[in-house]
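The next block holds one structure in the form of C-alpha cells; read it before the comments.
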Amino acid sequence: MNVLIPVDGSAAANRAVEYMIASVAWLKESPQIHLLNVQWKLASGNVKLFIDQDTINDYYREQGNAALADARAKLDAAGLAYAYHISIGTPAEAIVQYAQEQAVDQIVICAHGHGTLSDLLLGSVASKVAHLARVPVLLVK
Amino acid sequence: MLEMLNSSQFWVDVFKIIMIDLLLSGDNAVVIALACRNLPEAQRRQGIMYGVGGAIGLRIVLTFFAVSLLALPYLKLVGALLLLWIGIKLILPDEEHGEGNIKAEAHLWGAVKTIIIADFVMSLDNVIGVAAAAKGSVFLLVFGLLVSIPLIAWSSQLVLKLIDRFPYIVHAGGALLGYVAGEMLVSEVLFKPLVEANHALHWIVPVICAVLVLAIGKWLAARMAVKAEAVHLVDGQVSSNGQQSEGSKK
C-alpha cells in the first residue's frame with residue numbers, strides 16, 4: 001500500500017505522521033510511506049531575472065528539508081522505511097499531482113495545517129486536497 | 001482633512017490603493033531574501049537591512065518622479081496606456097523568462113546592487129498604479145507608500161495564498177487597473193474639451209477600459225494556457241534500517 005503524507009512542518013501536520021506510525025500495525029504489509037513537502041513557488045519569472053536558479057533551488061531545498069525534519073525524525077525513530085520529496089508549486093495541486101504520479105493508494109493529511117485562522121481566511125490545503133484527489137483522503141484530526 | 005474621511009470617494013480610493021499595492025507588490029521581499037543568501041552569515045542581516053532600506057527609498061523617489069511626470073500634458077496618455085498593459089499582464093499567467101547569465105553575488109555590495117536594480121524594475125508598475133489611483137492627493141500617495149513598505153519587507157506567501165484562495169482577485173485587480181487607466185485618460189488635458197462636453201465620459205471611459213483589460217487579458221491567457229505543473233526538486237529514500245539515498249531532480 002502506497003501512502004502519501006503531505007507535511008508543512010507544523011505540529012498539526014506531524015500528527016498525520018504519528019497517526020500513520022500508530023496504525024502501521026493494523027496493516028498486513030508495512031506500507032510504502034511518501035512524505036511530501038510543497039514549497040510555494042515564490043520565485044516568479046521576474047525574480048529569475050535577478051537571481052540564479054541554483055540559489056532559488058537551494059532556498060527551496062533548505063525550507064523543504066526544514067519542513068520535513070520533524071516528520072522524518074518521527075519515522076526514523078519508528079524504524080519505518082519511507083520516501084521523502086520536495087516539490088515546488090501550489091500545495092493542494094502539487095499534492096494531488098504527486099499522488100497520481102506515484103500511484104498512491106491513500107493520502108493521509110491533517111485537517112488543519114498552519115493555524116485555524118489562516119485556514120478560515122485562506123482555506124485549508126486539506127479540504128482542497130480532499131476535493132481534488134482521485135484517491136481516498138484520510139483527514140487526521 | 002477630517003471631512004475627507006467622511007466621503008465615500010476617499011474610502012474607495014484607499015481600497016484601490018491597497019489592492020494595487022497588494023497585487024503589484026512585486027517580489028521585492030523574495031529578491032531581498034534570495035540575494036543575501038550567499039553572503040556570509042554576518043553580512044546577511046546587513047544586506048537585508050540595506051536592501052529593504054534601499055528598496056523603500058527607491059520606491060519613494062520613483063513615486064514622486066511618477067507624480068511629477070504624470071502632471072505633464074500627454075504623459076497621462078502614456079501613463080494610461082502603460083496601466084492598461086500592466087492590468088493585462090496581471091491577468092496573464094506568470095511567464096518563464098529564459099535563464100540569463102546571472103551569477104550569485106557573494107559579497108555585500110554585489111547583493112545590495114542586485115536588490116536595488118531588481119527593485120527598480122519591479123517597483124515601476126506599482127508606482128505608476130499608485131500614482132494614478134492617488135490622483136494627485138499627497139495623503140493617498142503617502143498612504144500608498146506606507147502600505148507598500150511592509151509588503152516590500154515581508155510579503156512572500158501572502159499574495160500567493162490570497163490568489164490561490166480567491167483566483168478572481170487577479171481579474172478584479174486587472175479591471176481595477178483598467179478603470180484607473182480610464183480615469184487618467186479622461187483627466188488628460190488633451191481630451192479636456194471633449195470630456196467637458198460629454199460629462200458621461202467620466203465614467204464611461206473607465207468602465208470601457210476595465211472591460212477592455214479583462215477581455216484582452218482573458219483572451220491572451222486562454223491562448224497561452226498551460227497548466228502550471230509542480231516541479232520536483234528533491235527525491236529521497238530511507239530504508240527501514242536507516243540507510244539513505246538521495247537524488248535531486250532538476
Side-chain angles (χ1 to χ4, degrees), chain A residues 30 32-65 68 72 75-98 101 114 118 121-125 128, chain B residues 26-31 33-38 93-105 111 113-115 117-119 121-122 125 155-166 227-246 248-250:
Chain A
S30 53
Q32 173 59 39
I33 298 171
H34 298 266
L35 283 182
L36 172 65
N37 175 253
V38 183
Q39 290 293 315
W40 280 95
K41 196 177 173 204
L42 283 180
S44 64
N46 265 336
V47 173
K48 287 184 181 161
L49 289 177
F50 304 103
I51 306 285
D52 61 311
Q53 191 64 45
D54 287 342
T55 305
I56 297 172
N57 284 347
D58 280 349
Y59 172 78
Y60 287 140
R61 201 171 290 129
E62 182 186 290
Q63 299 283 314
N65 281 329
L68 287 171
R72 289 187 57 184
L75 288 172
D76 285 337
L80 290 171
Y82 60 91
Y84 59 93
H85 192 84
I86 301 170
S87 12
I88 303 150
T90 316
E93 282 83 353
I95 290 168
V96 173
Q97 183 191 324
Y98 183 79
E101 285 167 3
H114 277 301
S118 63
L121 290 174
L122 298 170
S124 84
V125 175
K128 204 166 168 192
Chain B
D27 313 283
N28 308 67
V30 181
V31 170
L34 289 177
C36 295
R37 258 188 72 82
N38 296 317
D94 188 42
E95 56 184 320
E96 296 281 324
H97 298 282
E99 246 180 85
N101 205 357
I102 341 152
K103 55 179 193 327
E105 294 284 359
K113 196 182 79 189
T114 304
I115 294 171
I117 296 175
D119 278 333
V121 175
M122 299 195 302
D125 49 359
S155 90
S156 48
Q157 301 184 353
L158 173 70
V159 178
L160 286 175
K161 286 182 177 169
L162 269 176
I163 292 173
D164 182 46
R165 176 84 166 98
F166 309 105
K227 208 170 165 293
E229 292 251 305
V231 183
H232 303 305
L233 184 67
V234 173
D235 255 322
Q237 289 276 350
V238 176
S239 65
S240 48
N241 53 22
Q243 286 215 332
Q244 191 181 327
S245 61
E246 183 168 310
S248 276
K249 288 181 185 171
K250 266 280 161 182

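These numbers come from a predicted model, not from an experiment. All heavy atoms count here, side chains included; hydrogens, waters and symmetry mates do not. Reminder, nothing fancy here: chain letters follow the sequence lines and each chain counts from 1.
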message = For A:Ala94 versus A:Leu36, what's the shortest heavy-atom pair and its separation?
response = O-CD2, 4.3 Å
message = As an exercise: rank A:Gly89, A:Ala78, A:Ala83 by heavy-atom pairs under 4.5 Å with chain B and give me the winner.
response = A:Ala83
request  = Provide the closest heavy-atom pair for B:Leu233 versus A:Tyr60 in the form atom of the first, atom of the second, distance.
outcome  = CD2-CB, 3.5 Å
request  = Identify which part of A:Asn37 has an atom lying under 4.5 Å from any heavy atom of chain B, answering side chain, backbone, both or neither.
outcome  = neither
key: Set of residues satisfying side-chain hydrogen bond (donor to acceptor under 3.5 Å, both in side chains) with respect to A:Arg72, sequence neighbours excluded   = A:Tyr82, B:Gln244
task = Under 4.5 Å heavy-atom distance to chain B, tell me which part of A:Gln39 shows up: side chain, backbone, both or neither.
result = neither
query = Which one, A:Asp58, A:Asn65, A:Val38, A:Ile56, leads in non-hydrogen pairs under 4.5 Å with chain B?
reply = A:Asp58
query = What pairs with A:Tyr59 under ring-ring contact (aromatic ring centres under 6.0 Å, His included), at least two apart in sequence or on another chain?
reply = none
